[in-house]
Amino acid sequence: MTNQTESMPRQVRVVEVGPRDGLQNEKQAISTELKLELIQRLGDSGLRYIEAGSFVNPKWVPQMAGSEEVFQRLQRQPGVTYAALTPNLKGFERALSAGVEEVAVFAAASEGFSQKNINCSIAESIQRFEPLMLAAKDAGIAVRGYVSCVVGCPYDGEIDPAVVRDVSAELLQMGCYEVSLGDTIGVGTPRSITTMLDAVASKVPVDKLGIHCHDTYGMAIANIYAALQMGVASVDSSVAGLGGCPYAKGASGNVATEDVVYLLNGLGIEHGVDLDQLVATGQFISAALQRANGSRVGLACAAAK
Ligand code: HMG
Ligand code: MG
């Protein structure tokens, strides 16, 4: 077991997934203009990594059908990485011609979720990534990896941490620079997250890991705190807690970025995000989508004004 206090990072990279993980799950149509304004405001808030879309089959995830246009029209801010999900070579080629500068491949630690989400087994998904990884290398594009359902799966139940360990190691071995470990349905607790991270860290350096918590059971902040204590320094989150996964029934939004930033502020960990501007962005997108703001910190800060 890692010495937890000593391992807490001084600086954390906040990976904003709202425009992708957040918006992919909205039922209503969302205009490209609104997506672009959200991305712009997130950049203005100091976020330096924004997952802005995905190049999956638009029949599967209609909200992301406009990702080409989003990337083509994006006003890129200096120092900001705008990334996209790509499930296969076809997705990568679409992303490349839209001018995407970083992509992410996504695998799962459960066979049930892999089949439902990307229509293939875990092993087949890794095979599909191989030509993508080669093409990305040729194009000089960095690839991030995701592993979904790292503690629980809506189809297969509890997940063996050894599978998470092995899939993570495989993604890194094939060229991903970092693997984000996804509690897709938000069922983890600090104990199951710590057990899983211990297993993964036995084969993979902790500085190659990110944590991606959905907040279905309200455990995301506790789980992120547990991951920070183990030295994880890359945290995925979604402004106003937008989101969910269309292939994980009952999964609510990601942990809210505002809540993560408040936690990091309290811990004295650097992150570069302006909380006030971020809260305003959360209020803006919640109003635009006519949905309740899913950030406790966002609501508290807005009420205190
Ligand atoms: P498939 O049906 O197995 O693909 O889908 P296929 O290769 O057999 O092709 C079938 C059709 O799809 C063909 O078109 C292809 O051209 C087309 P047709 O000939 O029938 O007209 N196709 C594509 N079209 C556009 N872009 C592409 C593409 N690939 C094939 N890239 C596929 C496989 C992966 C494409 C499909 O299952 C899919 O799109 N799934 C979407 C999954 C998704 O986006 N899920 C949500 C994101 S993951 C997530 O949220 C979890 C995460 O946040 C982490 C966490 O929380 O744990 C990352
Ligand atoms: Mg997710």
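Numbering of ligands and ligand atoms starts at 1, following listing order.
Side-chain atoms of Arg48 do not come within 3.5 Å of backbone N or O of Val15 as any donor-acceptor pair.
Annotation for Ala226 and Thr194: closest pair CB-OG1, 3.9 Å, computed over non-hydrogen atoms.
Only the side chain of Pro87 comes within 4.0 Å of ligand 1, counting heavy atoms alone; its backbone N, CA, C and O stay farther away. Contact annotation for Val61 and ligand 1: only side-chain heavy atoms (C-beta onward) come within less than 4.0 Å of the ligand. Only the side chain of Arg20 comes within contact range of ligand 1, with a heavy atom under 4.0 Å; no backbone atom does. Contacts between Pro58 and ligand 1 below 4.0 angstrom, taking non-hydrogen atoms only, involve the side chain exclusively. When heavy-atom distances to ligand 1 are checked against a 4.0 Å cut-off, Val56 comes that close through both its backbone and its side chain. The proximity of Gln115 to ligand 1, defined as any non-hydrogen pair under 4.0 Å, does not occur for either the backbone or the side chain.
Considering backbone and side-chain N/O of Lys90, one or more are found under 3.5 Å from N/O of ligand 1. Looking at ligand 1, you'll find an N or O of His214 within less than 3.5 Å of one of its N or O atoms. Not a single N or O atom of Cys149, backbone or side chain, sits closer than 3.5 Å to an N or O atom of ligand 1. Close N/O approach between Asp21 and ligand 1 is found [any backbone or side-chain N/O within under 3.5 Å].
No side-chain donor-acceptor contact under 3.5 Å links Ser238 and Asp21. Donor-acceptor pairing under 3.5 Å is lacking for the side chains of Ser121 and Gln115. For Asn293 and Gln283, the side-chain atoms include at least one donor-acceptor pair closer than 3.5 Å. Looking only at atom types and distance, the side chain of Tyr49 has a donor-acceptor partner in the side chain of Glu102 under 3.5 Å away.
For atom 27 (C) of ligand 1, the candidate residues are Tyr146, Phe55, Phe113; the nearest heavy-atom contact is made by Phe55. Scanning Val150, Asn117, Leu181, Val147 for the heavy atom closest to atom 43 (C) of ligand 1 points to Asn117.
Heavy-atom contacts of Ile118 reach the following atoms of ligand 1: 33 (C), 34 (C), 37 (O) (cutoff under 4.0 Å). Near Leu85, meaning under 4.0 Å from one of its heavy atoms, ligand 1 places the atoms 47 (C). Which parts of ligand 1 touch Ser148 is read off a 4.0 Å heavy-atom cut-off, strictly below it: atoms 51 (C), 54 (C), 55 (C), 57 (O). Interface of Gly91 with ligand 1, defined as ligand atoms under 4.0 Å from a residue heavy atom, comprises 31 (N).
Salt-bridge formation is detected for the pair Glu101/Arg76: a Lys NZ or Arg NE/NH1/NH2 atom is positioned less than 4.0 Å from an Asp or Glu carboxylate oxygen.
Figure legend: cation-pi geometry between Lys208 and Tyr177 absent, as NZ or CZ is not positioned both under 6.0 Å from the six-membered ring centre and within 45° of its axis.
No heavy atom of Cys120 sits closer than 4.0 Å to any atom of ligand 1.
Counting heavy-atom neighbours within 6.0 Å of Arg296 CZ, excluding the residue itself, gives a total of 12 or less.
When distances from the Mg ion (ligand 2) to the N, O or S atoms of Asp21 are compared, OD2 comes out shortest.
Residues satisfying the salt bridge (charged side-chain N to carboxylate O under 4.0 Å, His left out) criterion with Asp236, sequence neighbours excluded, are Arg144. Checked against ring pair (Phe, Tyr, Trp, His ring centres under 6.0 Å), Phe92 has no partners two or more places apart in sequence or in another chain.
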